[in-house]
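Each ligand, and each atom within it, is numbered from 1 in the order the structure gives.
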Amino acid sequence: MPVDAQMFPARAVISTEALEHNLNRVRQRITGEKIMAIIKADAYGHGMWRCAQAFSRAGADYLGVAQLAEAVVLARRARQESVQLPPIFSWIFDDSADLCEALELGIELSVGTPWALRKLEETLEYSTRPARIHIAVDTGMSREGFAPAELPNATRTLARLEQTGRVTVVGVWSHLACADTSDTTTTHEQIKRFRSAIDVVHAGGVEAPLEHLAASGGALWYPEARFAMVRPGILLYGLSPEPAKETAEQIGLIPAMRLESSVIAERTIPAGQGVSYGHTFVSDSEMKVGIVPLGYADGIPRHASNVCEVLVGGRRARIRGRVCMDQCVVELPEGAGVESRVVMWGDPGRGEPGVWEWAEKMGTIGYEITTRLASRVPRVDE
Ligand SMILES: *Cc1c(COP(=O)(O)O)cnc(C)c1O
């Protein structure tokens with residue numbers, strides 16, 4: 001059940017300006033290739049509808065949504081509200097998906113398994129709309145895409161379907177496994193395999209001009225992986241795919257999300273007092289703590305207990321004791337108390353804790369922090 005946003009004691013403030021700025025920044029960094037703005041998982045937690053429109057305004061050539069179930073909701077809403085969006089590309093669905101509906105909505109689909117190809121053929125028998133598809137090839141990610149051995153057969157089928165006029169093979173695509181690691185060999189090998197796969201498709205009589213391989217890391221650090229189009233996600237939200245290689249600030253990005261709340265209660269505890277479940281924090285001396293109404297049900301990881309910091313009244317404050325389901329306890333800095341503004345994460349450029357700071361303290365990646373922000377936390381425009 002959606003919450004009453006007005007009454008909810010926290011919000012994720014999303015800067016549309018930052019979203020648009022980041023897309024422009026990516027465009028400056030690449031070399032004229034098309035851009036598919038990736039807005040999967042509710043736009044990495046930032047709200048898919050808002051982000052789709054922002055990236056569309058900033059000139060994205062495509063929108064990419066992993067789950068077809070999400071892509072369909074986006075396409076329906078765009079139609080309902082007569083909002084013109086770039087073409088939507090989607091690559092995850094199972095045999096129960098209604099591809100007819102997807103085609104009717106103009107969604108472009110990935111096909112990378114024999115069953116999906118069969119399903120496409122079946123769908124074409126009763127669909128009134130032709131299909132626009134992108135062939136997925138596995139070049140080393142071992143995730144989506146036809147294996148090299150399957151590709152000639154799949155190409156043959158698609159060439160035949162193209163001749164009926166019911167299918168247009170728009171492109172060929174694959175995904176890099178190691179673009180954000182120090183291993184450059186794997187990426188070069190994947191680029192080579194991708195080129196071979198394209199040759200196989202062409203040899204089979206399928207043109208598939210829109211070749212795409214690189215997500216954020218590949219687009220930034222491997223110019224030769226950019227092909228016709230790049231598929232940045234994390235960069236558009238103002239975060240680096242790997243700050244150890246290049247920080248968001250160095251890339252010139254602005255974080256688009258600030259998670260805000262406020263202190264709803266304060267108390268002074270004596271020395272030796274345990275805090276929150278399990279008393280994993282015990283005060284050494286008398287101290288003031290404050291209650292922040294966000295917990296693991298909101299996507300504040302329980303692993304943040306005792307390690308992550310927030311901003312309270314403009315000053316750094318550590319989470320003390322375990323993060324609870326709906327709230328957590330922070331050590332109050334000088335001058336802070338009830339009603340002090342809390343920033344959980346936001347823009348490190350403004351002294352706010354960054355998403356990657358949170359991630360690194362918990363042994364995860366920035367992606368997981370914004371993506372797991374629960375749907376009950378209202379997203380509001382800056
Ligand atoms: C998630 C994803 C992207 C975007 O990845 P980022 O690292 O966020 O840029 C691009 N392509 C595919 C296939 C993906 O799954």
Modelled atom types, side-chain donor and acceptor of R25 and N22, under 3.5 Å: no
Nitrogen or oxygen of I38 less than 3.5 angstrom from that of ligand 1: no
D381/R50 ion pair, N-O < 4.0 Å: yes
Residue and atom name of the nearest protein heavy atom (relative to atom 7 (O) of ligand 1), distance in Å to one decimal: Y367 OH, 2.6 Å
P232 near ligand 1 by a heavy-atom separation under 4.0 Å: yes
Distance-only side-chain donor-acceptor flag, R160 / Q163, under 3.5 Å: no
R166 atom CZ, over 12 foreign heavy atoms within 6.0 Å: yes
Residue I234 vicinity, atoms of ligand 1 by number, heavy atom under 4.0 Å: 6 (P), 8 (O), 9 (O)
For ligand 1, the portion of Y237 having any non-hydrogen atom under 4.0 Å away: neither
The one among E144, K40, H175 that brings a heavy atom closest to atom 15 (O) of ligand 1: K40
Structural part of R143 in contact with ligand 1, heavy atom criterion under 4.0 angstrom: side chain
Minimum-distance protein heavy atom relative to atom 11 (N) of ligand 1: R231 NE, 2.9 Å
Proximity of Y62 and F89 rings by center, below 6.0 Å: no
Distance from atom 9 (O) of ligand 1 to nearest protein heavy atom, with residue and atom: S216 OG, 2.5 Å
Taking atom 8 (O) of ligand 1 as the reference point, the nearest protein heavy atom with its distance: Y44 OH, 2.5 Å
Residues R315, E334: salt bridge by 4.0 Å N-O rule: no
E360, CD: over 12 other non-hydrogen atoms inside 6.0 angstrom: yes
Any N or O of G217 closer than 3.5 Å to N or O of ligand 1: no
Lys/Arg N to Asp/Glu carboxylate O, E260 vs R341, below 4.0 Å: yes
